[in-house]
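The block underneath contains the structure these notes are about, expressed in structure tokens.
Below, read A as the first sequence line, B as the second, and so on, with proteins coming before strands; counting in each chain starts at 1. Keep in mind that this is a model prediction, so the values were computed, not measured.
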2 protein chains.
Amino acid sequence: MLALTKKTGYGLIAMAHLASLDGQKVSSAREIASTSGVPAGLLMNVMKELCAAGYVESVRGAHGGYRLARRPDEINLADLIGAVERPVRLVECVTDEAGERECTCELMARCPIADPVHRVHRKLNDFLKKVTLAEIVEPCLLEKFSSGQTAG
Amino acid sequence: MLALTKKTGYGLIAMAHLASLDGQKVSSAREIASTSGVPAGLLMNVMKELCAAGYVESVRGAHGGYRLARRPDEINLADLIGAVERPVRLVECVTDEAGERECTCELMARCPIADPVHRVHRKLNDFLKKVTLAEIVEPCLLEKFSSGQTAG
DNA sequence: TCAAACCGAACCATTTTGGTTCCATATAAT
DNA sequence: ATTATATGGAACCAAAATGGTTCGGTTTGA
């Protein structure tokens, strides 16, 4: 459908939330969920994936939670998508993000559009790599500095 | 999954095929299917949709088939996607291609990322609008003019 | 009249998504 | 120690989307 999944959307919302925290503070998945209105159980799963992918750090046990593991401008949409949903793949016959063909699509031999479409795929990926969490999160940060830390 | 559906891929292949025909010649869905190795029944459906959307013209009856209804440089990927699959929609809360919100997403009121994500959606759409059939089809056209009409 | 082609509409199996639930482990507070 | 709260890991399921088929109808050239 050429759409992000809800998991990615929820992940973005959660990362935006975490970006609005200061210092080493953590926020639990349940907390993020209730603040943002996202289903808690699903968000828990997403957070685990974000953690496994190294975008957030977890603190276990009571008063635990998550915090960002990288600066927002070091996190881009393409990688984030790869962490919580299947990787971007404009067409089936391109599996790695560089757009190289590795598959054994039977159409490939006579497919008249493989090369140009792979080129488009690479351009799409470049585009997504340029979209950073920093710019998605920007209004949240503004809010953070103007309204004095009401989140949480 | 942020991927085109196979229908869109098949549609592109078919349009590329049609672009390689000269003049007012038509090619039947079955013919395109057997040439390109795409499942015939499904391609028939896709062709109907492309026809309904005005990208190809149909000639009914024996010796009928399809031909392009527009110049390849007047057909862009964003519109084509809209014709054969559900429209591009980076997130749920944006339904029209301009990226304006029209939905009534309950998260909207407290969603911290709606505006930036909509901005990204618009940029994605602009990108897809710039990808024309002409550039996807280019190698086919080269083949057409160099090897003297072997296709079909 | 017949066969080839489009037209319209169901119909179905598989895959993906969205979401829940359960159990195990870690840890702060009592 | 016990308990409440958290993550970690994995299975599980329903709903939606996709990929593909099929059937009956209409048009039209031979």
Side-chain angles (χ1 to χ4, degrees), chain A residues 1-11 13-14 18 25-34 36-67 69 81 84-89 91-92 105-107 152, chain B residues 1-11 13-14 18 25-34 36-67 69 81 84-89 91-92 105-107 152:
Chain A
M1 196 194 330
L2 210 58
L4 298 179
T5 65
K6 291 199 173 180
K7 283 174 69 178
T8 299
Y10 294 162
I13 290 175
L18 295 183
K25 275 192 184 153
V26 299
S27 189
S28 74
R30 203 176 299 272
E31 198 175 1
I32 302 172
S34 70
S36 59
V38 157
L42 182 51
L43 186 62
M44 287 176 187
N45 287 342
V46 172
M47 296 313 293
K48 291 171 204 168
E49 290 169 319
L50 289 177
C51 188
Y55 296 107
V56 301
E57 290 170 351
S58 68
V59 176
R60 298 185 65 166
H63 292 85
Y66 296 96
R67 74 169 78 92
I81 290 170
V84 299
E85 59 182 84
R86 357 194 108 230
V88 176
R89 196 183 45 155
V91 287
E92 220 179 333
C105 167
E106 328 88 67
L107 295 182
Chain B
M1 195 194 331
L2 210 59
L4 298 178
T5 64
K6 292 199 173 180
K7 282 174 69 177
T8 300
Y10 296 163
I13 290 176
L18 295 182
K25 275 191 184 155
V26 299
S27 188
S28 74
R30 202 175 301 272
E31 198 175 1
I32 302 173
S34 69
S36 59
V38 156
L42 182 52
L43 186 61
M44 288 177 188
N45 287 342
V46 172
M47 296 313 293
K48 290 171 206 168
E49 291 170 320
L50 290 177
C51 187
Y55 295 106
V56 301
E57 290 170 350
S58 68
V59 176
R60 299 186 63 165
H63 292 85
Y66 295 95
R67 73 169 78 93
I81 290 170
V84 299
E85 60 182 81
R86 358 193 108 230
V88 177
R89 195 183 45 155
V91 287
E92 222 180 333
C105 167
E106 326 88 66
L107 296 182

*When you check the phosphate oxygens OP1 and OP2 of D:dG20, does a side-chain N or O of B:Tyr10 lie under 4.0 Å from one of them?*
yes

*For the side chain of A:Leu42, counting heavy atoms from C-beta on, which of C:dG19, D:dT7, C:dC6 is nearest?*
C:dG19

*Mind checking whether B:Leu4 and B:Ile81 have side chains closer than 4.5 Å, heavy atoms only?*
yes

*Any donor-acceptor pair under 3.5 Å joining the side chain of B:Arg60 to the base of D:dT26?*
yes

*asked:* Under 4.0 Å, heavy atoms only, any strand: does A:Met1 hit a base, just the sugar-phosphate, or nothing?
replied: sugar-phosphate

_Can you confirm whether B:Arg30 sits close enough to B:Met44 that some side-chain heavy atom of one is under 4.5 Å from a side-chain heavy atom of the other?_
yes

*Sugar-phosphate only, base, or nothing, as touched by A:Ala52 at under 4.0 Å among non-hydrogen atoms*: nothing

*Check every strand shown and say whether B:Gly61 touches a base, only sugar-phosphate, or nothing at a heavy-atom separation below 4.0 Å.*
base

*Where each residue is assigned the nucleotide of DNA chain C containing its nearest heavy atom, which of A:Met44 and A:Val59 is assigned the position nearer the 5′ end?*
A:Met44

*asked:* What is the separation between atom CE on B:Met47 and atom P on C:dC7, rounded to the nearest whole Å?
replied: 10 Å

*Check the distance between D:dA11's C1' and A:Glu49's CD and give it to me in whole angstrom.*
14 Å

*Can you find a pair of side-chain heavy atoms, one from A:Met47 and one from A:Tyr55, that are under 4.5 Å apart?*
no

_Return whichever of B:Ala40 or B:His63 has its heavy-atom-nearest nucleotide of DNA chain D closer to the 5' end._
B:Ala40

*asked:* With a 4.0 Å limit, can you tell me whether A:Arg86 has a side-chain N or O closer than that to the phosphate oxygens OP1/OP2 of C:dT17?
replied: yes

*Atom-pair distance (CG on A:Asn45; P on D:dA6), nearest Å*: 17 Å

*Starting at the 5' end of DNA chain D and moving along, which residue's nearest nucleotide shows up first, A:Arg30 or B:Gly41?*
A:Arg30

*For B:Ser27 and B:Leu18, work out which heavy atoms get closest and say how close.*
CB-CD2, 4.0 Å

_Base D:dG9 to side chain A:Lys48, donor-acceptor N/O within 3.5 Å cut-off_ = yes

